[in-house]
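Heads up: numbering here begins at 1 and tracks the sequence.
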Amino acid sequence: MPIRVVVPPSLTFANAVKFRDTICGLEPEHDYVFDFRKVGHTEPFGLLLISDAISRFQDSQIFGETGYCNHDHMTYQSVMGFFRSAGFGHGYAPGEAGGGVNYLPITHLSMAGIKKEAEDKCQPEGVVVEEHAHRIAAVLARQNSGSLCEALTYALREVMRNVLEHSGADEVRFCAQHWPTKNRVHLAILDRGKGVRASLGRNPHLTINSDADALKLSLMPGVSGRMFAGVRKRRHDVWQNSGYGLYMTTRLAIAGGNFWIMSGRTAYGIASTAVREREIAPFSGTALRVSFDTTQLASMEAKLAKFHKEGVEIARPFKGANAEGASLASTMIRTRF
């Protein structure tokens with residue numbers, strides 16, 4: 001008889017992280033069945049994280065098999081591509097639903113595809129990433145412009161650039177949900193790359209003693225595994241990595257929202273009034289949960305200029321940071337309109 005694994009009733013951030021720890025503790029030689037009978041409310045990050053965890057667990061099984069049951073009531077999750085992303089044969093494939101009113105289903109975007117598209121169009125990879133980011137943001141915001149669309153475009157672009165430039169991952173996975181009546185947007189992004197600590201470890205000026213150290217450093221302005229003292233800055237390269245994208249995205253989110261980043265053995269969260277840190281089962285890659293308060297997204301250009309100015313001052317006394325300022329792309333909402 002397979003061992004029954006009951007999925008929690010609510011896949012909020014905290015519940016999803018805890019349940020992922022449970023999945024990581026399963027012995028791969030046994031048979032299991034994931035029972036979804038209790039599942040009700042699910043957030044985008046929970047769907048993305050748990051589908052990834054189940055998929056990785058199934059990949060680790062040599063003799064054991066994994067099934068699922070009591071899932072017929074989960075129509076939203078089926079449309080979001082959760083089951084197929086987890087490796088089960090039910091519902092829509094990731095990205096197949098195409099997005100709808102206020103939601104963006106789980107989508108897997110190939111990094112090789114981004115590079116080939118850039119080569120075919122004779123454009124910088126950053127331009128292609130931005131085009132994808134804006135197309136995704138417009139689907140979620142239900143409009144091609146406006147503060148919400150611009151904020152989502154910026155956040156998606158900067159995080160996807162990080163995956164392309166730092167992680168070494170084959171693809172980036174993401175999904176999102178907009179709750180207009182709550183003035184809230186949740187954006188979830190995940191990759192299976194080398195992780196934050198290994199990426200920042202290329203910077204010889206940084207002392208990183210733990211995954212927690214690495215996550216805290218990654219949110220500082222000017223901190224990068226590619227741009228540091230001794231690396232020549234290409235003055236006319238709009239897209240050169242500068243270490244400011246994640247810092248700027250975090251600043252946008254924590255004005256009424258919050259920001260979580262997971263990598264290695266640590267999940268680190270920051271909001272306007274609090275910081276949280278928790279130990280997790282080892283996570284290979286990086287996962288982000290970005291929560292925006294849509295009422296705080298006006299005057300984006302002014303906000304980015306303010307964050308950049310403050311970031312340069314923060315980076316200036318820190319040897320491991322780039323205090324010359326962000327790349328032009330990281331200071332702009334969009335580089336093309």
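Looking only at distances, no side-chain donor or acceptor of Glu43 sits under 3.5 Å from a matching main-chain atom of Ser10. Between the side chain of Ser263 and the main chain of Val196, a donor-acceptor pair closer than 3.5 Å is present. Side chain of Ser78 to backbone of Met74: a donor-acceptor contact under 3.5 angstrom is found. Formation of a donor-acceptor pair under 3.5 Å by the Arg4 side chain with backbone atoms of Asp35 is not found in this model. Between the side chain of His178 and the backbone N or O of Leu104 there is no donor-acceptor pair closer than 3.5 Å. Of the possible polar contacts, one joining the Asp31 side chain to the Glu65 backbone as a donor-acceptor pair under 3.5 Å is found. Within the 3.5 Å criterion, the main-chain N or O of Ser284 finds a donor-acceptor partner in the side chain of Arg56. Distance alone, capped at 3.5 Å, places no donor-acceptor pair between the Ser85 side chain and the Phe82 backbone. Judged purely by atom type and a 3.5 angstrom limit, Tyr247 uses its side chain to pair as donor or acceptor with the backbone of Phe307. Without hydrogens or angle criteria, His134 side chain to Asn144 main chain gives a donor-acceptor distance under 3.5 Å.
Around CG of Asp170, the count of heavy atoms belonging to other residues, nucleotides or ligands within 6.0 Å does not exceed 12. Residue Phe13 qualifies as enclosed at atom CZ: its count of foreign heavy atoms under 6.0 Å is above 12. In this structure, Lys121 places its NZ atom where more than 12 heavy-atom neighbours from other residues, nucleotides or ligands lie under 6.0 Å away.
Val33 approaches Cys69 most closely through the heavy-atom pair CG2-SG, 3.9 Å. Contact record, Val129 with Arg161: CG1-CG, 4.1 Å, taken as the closest heavy-atom pair. When all heavy atoms of Ser51 and Ile106 are compared, the closest pair comes out as OG-CD1, 4.0 Å. Closest of all the heavy-atom pairs between Thr249 and Ala155 is CG2-CB, 3.8 Å. Closest non-hydrogen pair, Asp21 versus Glu279, comes out as OD2-O, 4.4 Å. Across Ala118 and Val128, no two heavy atoms sit closer than the pair CA-CG2, 3.6 Å.
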Could you please spell out the steps behind the side-chain contact (heavy atoms from CB on, under 4.5 Å) verdict for Val39 and Phe34? CA-CA 11 Å; Val39 176; Phe34 283 86; over 6 Å; no
Pair Glu27, Ile3 - check side-chain contact (heavy atoms from CB on, under 4.5 Å), show working. CA-CA 10 Å; Glu27 297 292 340; Ile3 300 170; over 6 Å; no
Derivation and outcome, salt bridge (charged side-chain N to carboxylate O under 4.0 Å, His left out), residues Arg84 and Glu96: CA-CA 10 Å; Arg84 295 274 183 172; Glu96 184 182 355; 5.9 Å; no
Evaluate the criterion side-chain contact (heavy atoms from CB on, under 4.5 Å) for residue pair Gln177 and Asn102; output intermediate values, then yes/no. CA-CA 6 Å; Gln177 180 74 47; Asn102 303 323; 4.1 Å; yes
Does the pair Ser291 and Arg184 meet the rule for a side-chain hydrogen bond (donor to acceptor under 3.5 Å, both in side chains), with working shown? CA-CA 7 Å; Ser291 175; Arg184 184 69 55 181; 3.2 Å; yes
Verdict with reasoning, Val6 to Arg37, per side-chain contact (heavy atoms from CB on, under 4.5 Å): CA-CA 8 Å; Val6 179; Arg37 69 178 185 270; 4.0 Å; yes
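For the pair Val172/Leu164, no side-chain contact is recorded, criterion being any heavy-atom separation below 4.5 Å from C-beta on. Between Glu117 and Glu131 there is a side-chain heavy-atom pair separated by less than 4.5 Å. Within the 4.5 Å cutoff, side-chain heavy atoms of Asn258 are placed close to those of Arg289. Using a 4.5 Å heavy-atom threshold, the side chains of Glu119 and Lys116 count as separate. Residues Tyr32 and Ile54 are not in side-chain contact: their nearest non-hydrogen atoms beyond the backbone lie 4.5 Å or more apart. Using a 4.5 Å heavy-atom cutoff, the side chains of Phe174 and Val159 are not in contact. Side-chain contact between His71 and Gln77 is absent, with no heavy-atom pair separated by less than 4.5 Å. Residues Lys303 and Arg251 have side chains not in contact (no heavy-atom distance under 4.5 Å, counting atoms from C-beta outward).
Distance CG/Leu215 to CZ/Arg197: 10.0 Å, rounded to 0.5 Å. With values rounded to the nearest 0.5 angstrom, Phe283 atom CZ is found 10.5 Å from Ile261 atom CD1. Rounding to the nearest 0.5 Å gives a distance of 13.0 Å between CH2 of Trp260 and OG1 of Thr250. In this structure, Thr42 OG1 and Met80 CE are separated by 7.5 Å, a value rounded to the nearest 0.5 Å. Residue Leu148 holds its CG atom at 7.0 Å from CD of Gln143, rounded to the nearest 0.5 Å. We find the CE-CE distance between Met111 and Met160 to be 5.5 Å, quoted to the nearest 0.5 Å.
Checking each of Arg265, Met262, Lys216 against Asp211 for a side chain to side chain contact (heavy atoms under 4.5 Å, CB included) leaves exactly one that passes, namely Arg265.
His186 meets the ring-ring contact (aromatic ring centres under 6.0 Å, His included) test with Trp179; sequence neighbours excluded.
Using a 30° and 60° split on the angle between ring planes, Phe88 and Phe83 fall in the tilted class, from 30° to 60°. Taking the six-membered ring where tryptophan is involved, the planes of Tyr68 and His90 are tilted, since the angle between them lies from 30° to 60°.
Salt-bridge formation is not detected for the pair Arg20/Asp52: no Lys NZ or Arg NE/NH1/NH2 atom is positioned less than 4.0 Å from an Asp or Glu carboxylate oxygen.
Phe63 and Val5 fall into different hydrophobic clusters, where Ile, Leu, Val, Met, Phe, Trp and Tyr residues are linked whenever their side-chain heavy atoms come under 4.5 Å apart, directly or through other members.
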